[in-house]
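Note sheet for the following structure.
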Amino acid sequence: MGRGQLSKAFEPQAAERNWYQYWMDNNFFHAIDGSAKPQFSIVIPPPNVTGILHMGHALNNVLQDIMIRFKRMQGYNSMWMPGTDHAGIATQNVVEQELAREGLTRHDLGREKFIERVWEWKEKYGGVITNQLKRLGCSCDWERERFTMDAGLSQAVREVFVRLYNDGLIYQGDYIVNWCPRCHTAISDLEVEFKEEAGHMWDIRYPYVDGSGEIVVATTRPETMLGDTAVAVNPDDPRYKDKIGKMVLLPLVNREIPVIADDYVTMDFGSGAVKITPSCDPADFAMAGRHNLEIIKIMDGSAVINENGGVYQGQDRFECRENVVKDLEKGGFLGTITPYTHNVGQCYRCKTTIEPAVSKQWFVKVAPLAKAATAAVIKGKTRIIPPMWEATYFEWMTNIRDWCISRQIWWGHRIPVWYCDGCGNMIVASQDPDHCPTCKGSELRQEEDVLDTWFSSALWPFSTLGWPEQTPALKTFYPTSLLITGFDILFFWVARMMMMGLYTMKEVPFRDVYLHALVRDEHGDKMSKSKGNSIDPLQMIDKFGTDAFRFTLAAFTAQGRDVRMSEERIEGYKFFVNKIWNATRFAVMNLEDYPEAEPKVSRADKSLPDRWIESRLRHTIRDVVSGFNEYRFNEATGSIYQFIWHEFCDWYLELVKPVLYGKDATTGRLAAQHTLYGILKATMKLLHPTMPYLTEEIWQTIFNDGTSIMVSPFPTEDEYVDDPRAEEEMGLIMEVITRIRAIRGEMGIAPSKKLRAIISAPEGEKEKGGTDFKSVPCIEAGAGYIVNLANLEELKIGVAMEEPKGAATGVVGNLQIFVLLEGAIDVAAEKARLEKDRAKLEKELAIVARKLANRDFLAKAAAAVVQKEEEKHKELREKHLLIEKALKKLQELAT
RNA sequence: AGGCACGUAGCUCAGGGGGAGAGCGCCAUCCUGACGCGGUGGAUGUCCAGGGUUCAAAUCCCUGCGUGCCUACCA
């Protein structure tokens with residue numbers, strides 16, 4: 001122990017390596033199951049195993065780490081559950097690409113071998129993102145790390161599936177789903193992204209079978225006509241009233257299909273008649289159900305036309321589109337072609353255009369689950385922050401549609417359903433069955449489909465804690481305290497965790513949900529590789545250090561606002577890190593003889609600046625604590641920044657330099673050292689959640705108490721005295737100093753030039769004895785600070801002093817400050833300066849005077865407000881008078 | 001098409017009924033013994049527009065314009 005020396009400059013790389021290892025070695029990240037301390041827990045939004053750290057991860061995890069470190073220091077048993085997601089399609093794609101380089105497909109390997117291959121890939125590369133999180137300084141409880149395909153979590157998945165099935169909340173059936181022809185799987189509604197595309201609207205004429213003319217329909221996808229099984233019109237449409245029930249002949253296919261009536265059709269769009277392709281459109285599929293229409297599938301899983309497409313069989317859907325249009329034209333069936341921009345659905349993984357398709361899939365009936373999840377938020381069991389997202393959450397929950405959970409891929413949780421070849425029975429079980437319970441046959445085939453990745457993610461808050469076992473961890477940490485995630489997965493993940501948590505655990509998965517915004521570039525554009533505007537977090541860490549980077553992220557996280565990231569900003573906070581480092585070096589230099597066993601210093605021995613900075617620290621602590629508690633990260637960091645730079649460094653250190661420089665062991669010097677030491681120590685703690693490395697480095701060098709700053713208690717307000725009087729006195733002294741400096745600057749006097757100044761107060765500001773604030777004794781007591789920081793050689797203080805000749809005048813409150821200028825004063829410059837001050841004053845005065853002249857204001861405004869305005873008016877008038885006086889004097893001087 | 005945000009200094013933004021703020025940038029100045037990654041001082045605003053509520057509006061309400069996002073998707 002003992003205080004060490006700080007190197008000339010902070011070296012982030014070394015500090016980051018050393019201290020992370022030190023924290024790990026000492027097991028500081030580990031929370032205790034069943035601890036008697038208050039609990040605080042967060043489960044990480046598990047990044048994809050295939051992921052590499054981007055700005056979104058960085059923001060998300062830094063905010064979590066800030067909260068975890070803050071709560072840990074506040075004495076909570078603070079647990080951060082880390083882990084990764086198996087990311088079904090994404091991971092399968094990555095491994096398939098790897099295979100493709102070897103000239104293989106997954107079918108060459110077969111299902112089992114392929115899955116082995118994915119596990120190999122996971123073992124090899126799955127730790128990348130985890131290690132990147134460590135570079136951010138994340139204090140995750142790594143002993144608990146989980147993966148969504150771990151045995152325990154997989155068992156949880158099966159268990160929940162079976163329960164839902166037995167409760168009638170999971171069903172299987174032939175429905176139209178979003179099909180990705182590239183991934184060869186169904187995807188959920190949420191996984192479809194709509195993008196505007198310039199296309200065409202083709203009018204097609206379908207002739208009536210009886211030769212009585214034709215009906216015109218319009219489509220953006222002409223190839224789907226091959227699967228048409230009806231034409232629909234609105235039952236109230238007078239144009240078609242007599243056509244309902246007639247048959248038309250489907251061109252190219254020559255199939256007779258009926259004209260049907262359905263309310264779904266809007267009369268004033270296009271011709272008012274719609275072609276119905278139940279196999280290719282969700283609305284048409286629904287209509288087929290209502291009217292018992294035939295469903296003719298015309299495409300295979302790759303969106304290639306099948307045997308039902310006649311001559312078009314074997315053609316890709318877009319190729320077929322061209323040919324169908326060509327042939328329609330040839331046959332004289334084609335009407336107008338209009339350019340038409342419309343939204344086209346794409347697969348969110350591979351951006352391939354979605355093809356709605358009918359297939360057998362598994363669904364979760366979400367309505368009852370959503371109802372409970374909505375109620376929990378209404379009742380306040382879970383808070384969504386910022387609250388504006390609540391509305392979005394409710395909106396979605398009330399319009400929610402059933403969730404398609406089956407995927408036709410190999411990597412994922414295989415659905416726990418078996419079919420008996422013997423009797424055709426279906427077995428839904430959480431354990432692999434070895435025989436059919438009905439026919440005792442042992443020829444069982446497990447369902448080929450796997451579950452949507454989000455199904456297992458939805459269980460994350462309890463599956464990671466050991467459920468279905470009633471583990472101590474589960475009892476200790478569920479429900480978790482807080483979830484921090486991006487609003488972009490509110491529906492994908494947050495809503496589903498709410499539903500599954502309430503269903504399975506009968507209790508919400510988390511108390512608070514903090515939704516942060518997206519990280520964008522400095523112009524507000526979404527970062528993307530293709531735009532080339534993405535900033536790599538690891539590069540930023542290399543360049544500016546983790547602490548500067550973390551502080552930047554927190555500082556720009558205002559609620560509900562996007563975070564605009566730019567290198568310049570991070571650099572700015574790197575300068576802040578440097579500033580802190582140097583202030584600390586200064587402190588260390590002046591604490592050399594400060595006793596290691598901290599001495600007791602009575603408050604009576606503390607100087608005005610000592611008492612002032614401690615009072616300011618108290619306010620800062622309050623702001624930081626409430627800032628973090630309310631997830632106002634920008635306010636917490638802003639208040640630390642302001643305090644350290646503009647109060648502690650700019651003022652306090654400058655004020656106490658003379659005392660510290662005097663090498664005599666006076667009580668005043670010891671008091672200043674005591675204050676300096678205490679402030680610095682508390683400040684490092686306030687800063688620790690955002691700047692873990694810098695603060696640990698400083699802690700270990702100076703405050704080393706045998707353990708880490710990360711487990712030291714967070715400062716509390718009541719450690720410091722609220723001293724409004726000290727703040728008022730210091731405030732006046734600071735204002736006087738600033739005024740003199742301004743005069744110096746505006747009059748072009750070199751800072752090195754020592755000046756003489758006179759401060760004159762009005763009568764009545766001098767008498768002592770009372771407890772009221774009086775400016776004269778205050779200034780007298782602070783004269784040393786003024787002389788020092790304004791660089792004066794002489795300062796006279798008095799009441800109603802005579803204004804000297806050749807002085808520049810400044811007014812602070814009711815004090816006149818005369819700065820004596822040697823030789824001839826630049827009358828023009830001084831006049832301009834005073835007139836500027838006067839103009840500003842007059843503007844303010846006019847506003848106040850107008851208010852006070854308003855009878856309604858006097859009658860209706862709160863008494864305190866009126867009083868404040870009156871005081872202000874008095875003060876402004878005094879000031880104005882003093883400036884007028886100075887101007888007059890100047891006039892005399894000039895003539 | 002609905003919904004939700006946002007529009008404040010050159011830039012990026014905070015604030016959110018009674019005196020327009022910060023950071024960066026800019027100008028001037030200082031080689032002061034922690035820091036030039038610094039100090040000191042300075043300039044800059046129809047707080048998007050219009051209307052309303054109020055004694056008082058940048059702040060609350062309405063309308064419009066602009067921007068971003070979310071949800072749905074009508075062939």
Side-chain angles (χ1 to χ4, degrees), chain A residues 6 8-9 189-190 194 201-202 217-221 224 231-232 264-266 268-277 281-284 340 342-343 345 386 388-389 391-392 395-396 399 487-488 490-491 517-518 520 522-526 548 555-556 558 560-562 564-566 568-569 571-590 632 634-635 638 641-642 646 649-650 653-654 657 661 737-738 741-746 748-752 789-791 843-844 847-848 850-851 854-862 864-866 868-869 872 876:
Chain A
L6 293 181
K8 187 107 171 89
D189 293 340
L190 280 178
F194 286 91
M201 180 78 87
W202 286 272
V217 296
T219 182
T220 54
R221 297 185 294 157
T224 62
V231 170
Y264 159 79
V265 184
T266 34
D268 44 13
F269 188 91
S271 65
V274 193
K275 62 189 272 309
I276 300 300
T277 325
D281 183 279
D284 294 6
Y340 191 73
H342 58 137
N343 286 324
M388 71 176 190
W389 288 109
T392 311
E395 172 77 14
W396 189 71
N399 297 319
F487 66 79
D488 50 328
L490 176 62
F491 306 139
L518 256 50
R520 297 170 179 281
E522 55 197 309
H523 307 293
D525 291 329
K526 218 170 177 170
F556 286 95
R561 282 284 202 147
D562 287 342
R564 296 200 185 194
M565 186 46 61
S566 77
E568 267 178 23
R569 286 153 191 276
E571 192 186 25
Y573 286 113
K574 192 194 113 190
F575 296 161
F576 180 46
V577 169
N578 181 254
K579 184 80 179 174
I580 299 165
W581 185 256
N582 281 299
T584 310
R585 281 178 60 218
F586 171 83
V588 170
M589 287 166 146
N590 290 284
R632 297 176 188 275
N634 61 324
E635 287 180 14
Y641 183 94
Q642 174 68 24
H646 298 304
C649 290
D650 286 354
L653 293 183
E654 296 304 324
K657 268 179 183 174
Y661 286 162
I737 292 167
T738 304
R741 283 171 173 173
I743 290 171
R744 190 191 277 280
E746 285 165 14
I749 305 158
S752 52
L789 295 188
N791 198 22
K843 228 168 106 184
E844 283 177 44
I847 293 167
V848 181
R850 188 160 9 106
K851 269 190 193 174
N854 185 342
R855 235 176 301 152
D856 285 329
F857 172 74
L858 296 174
K860 292 182 184 171
V865 173
V866 176
K868 206 175 140 200
E869 289 297 316
K872 195 161 104 192
L876 288 173

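Per chain, numbering begins at 1; letters A, B, ... match sequence-line order. Remember, predicted model here, so these are calculated numbers, not experimental data.
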Span that lies between the P atom of B:G42 and that of B:C37, in whole angstrom: 24 Å
Whole-angstrom distance between B:U44 and B:A22, as gauged at atom P: 14 Å
Confirm from the modelled atom types if A:Thr392 and B:C70 form a donor-acceptor pair under 3.5 Å, side chain to base only. no
Closest to the A:Asp856 side chain: B:C55, B:C35, B:C70? B:C55
Going by modelled atom types, is there a donor-acceptor pair between the base of B:C73 and the side chain of A:Asn343 at under 3.5 Å? yes
Which base sits across from B:G66 as a Watson-Crick or G-U pair, both distances under 3.5 Å? B:C6
Does B:A28 pair with anything, Watson-Crick or G-U wobble, both distances under 3.5 Å, and if so, with which nucleotide? B:U40
Distance check needed: B:G18 C1' versus A:Lys868 NZ, whole Å only. 7 Å
C1' spacing across the pair B:C31 / B:G45, given as an integer number of angstrom: 36 Å
Quick one: closest heavy-atom pair of A:Thr277 and A:Asp284, and the distance? N-OD2, 2.7 Å
Partner lookup for B:U71, please. Criteria are Watson-Crick or G-U wobble with both distances under 3.5 angstrom; report none if nothing qualifies. B:A1
For A:Thr220, answer base if it contacts any base atom (sugar-phosphate contacts may also be present), sugar-phosphate if it contacts only those atoms, and nothing otherwise; contact means non-hydrogen atoms under 4.0 Å. sugar-phosphate
With both distances under 3.5 Å as the test, what is the Watson-Crick or G-U wobble partner of B:U53? none
Nearest to the side chain of A:Leu190, heavy atoms from C-beta on, is which of B:A34, B:C74, B:U71? B:U71
Gap in Å between the two C1' atoms, one belonging to B:A14 and one to B:C24, rounded: 14 Å
Of the options B:C55, B:G23, B:A75, whose atoms approach the side-chain atoms of A:His342 most closely? B:A75
Give the intermediate values and the outcome of side chain to side chain contact (heavy atoms under 4.5 Å, CB included) for residues A:Thr584 and A:Leu6. CA-CA 8 Å; A:Thr584 310; A:Leu6 293 181; 3.5 Å; yes
Nearest-neighbour nucleotide for the A:Val265 side chain, B:A34, B:A75, B:C74 considered: B:A75
Restricting to non-hydrogen atoms, name the atom on A:Ala218 and the atom on A:Met201 that form the minimum distance, rounded to 0.1 Å. CB-SD, 3.9 Å
Measuring from the side chain of A:Arg569 (C-beta onward, heavy atoms only), which nucleotide among B:G41, B:U12, B:A75 has the closest atom? B:U12
In Watson-Crick or G-U wobble terms, both distances under 3.5 Å, what is the partner of B:A34? none
Check: B:A28 base within 3.5 Å donor-acceptor of A:Glu746 side chain: no
Determine the interatomic distance between P on B:A28 and the same-named atom on B:C4; round to the nearest Å. 50 Å
P gap between B:U46 and B:G50, integer Å: 13 Å
Interatomic distance where CZ belongs to A:Phe194 and P belongs to B:A72 [whole Å]: 7 Å
Of the nucleotides B:C70, B:C37, B:G41, which has the atom closest to the A:Phe575 side chain? B:C37
Measure from the side chain of A:Tyr661, starting at C-beta and using heavy atoms only, and say which of B:A75, B:G33, B:C24 lies closest. B:G33
Can you tell me how the ring of A:His342 sits relative to the ring of A:Tyr340, calling it parallel under 30°, perpendicular over 60° and tilted otherwise? tilted
Which atom pair, heavy atoms only, marks the closest approach of A:Leu789 to A:Arg741? O-NE, 3.3 Å
Over all heavy atoms of both residues, which pair between A:Phe857 and A:Glu869 is shortest? Give the atoms and the distance, please. CZ-CG, 3.7 Å
To the nearest Å, give me how far apart CG (A:Leu490) and C1' (B:G3) are. 14 Å
Fit a plane to each ring of A:Trp396 and A:Phe491, take the angle between them on a 0 to 90° scale, and name the class: parallel (under 30°), tilted (30 to 60°) or perpendicular (over 60°). parallel
Using the side-chain heavy atoms of A:Asn634, tell me which of these nucleotides is nearest: B:G18, B:A14, B:C37. B:A14
Which base, if any, makes a Watson-Crick or G-U wobble pair with B:C13, both distances under 3.5 Å? B:G21
Pairwise P distance, B:G19 and B:A57 [rounded to whole Å]: 11 Å
Rounding to an integer number of angstrom, what distance separates B:G7 and B:C35 when you compare their P atoms? 42 Å
Answer yes or no: does a side-chain N or O of A:Tyr340 lie under 4.0 Å from OP1 or OP2 of B:A75? yes
Please evaluate the base of B:C35 for a donor-acceptor partner in the side chain of A:Lys579 within a cut-off of under 3.5 Å? yes
Can you tell me if the side-chain N/O atoms of A:Lys872 get under 4.0 Å from OP1 or OP2 in B:G19? yes
Given B:C74, B:G18, B:C30, which nucleotide is nearest the side-chain atoms of A:Pro751? B:C30
Side-chain atoms of A:Phe269 come closest, of B:C74, B:C37, B:U29, to B:C74
For B:G23, take OP1 and OP2 only and decide whether either is under 4.0 Å from a side-chain N or O of A:His646. yes
Complementary nucleotide for B:G45 - Watson-Crick or wobble, under 3.5 Å: none
Can you tell me how far C1' of B:U71 sits from CH2 of A:Trp389, to the nearest Å? 11 Å
Does A:Lys657 make a side-chain N or O approach to OP1 or OP2 of B:U32 shorter than 4.0 Å? no
Geometric cation-pi criterion, A:Lys657 with A:Phe586: 6.0 Å, 45°: yes
Measure from CZ on A:Phe491 to C1' on B:C69 and round the result to the nearest Å. 12 Å
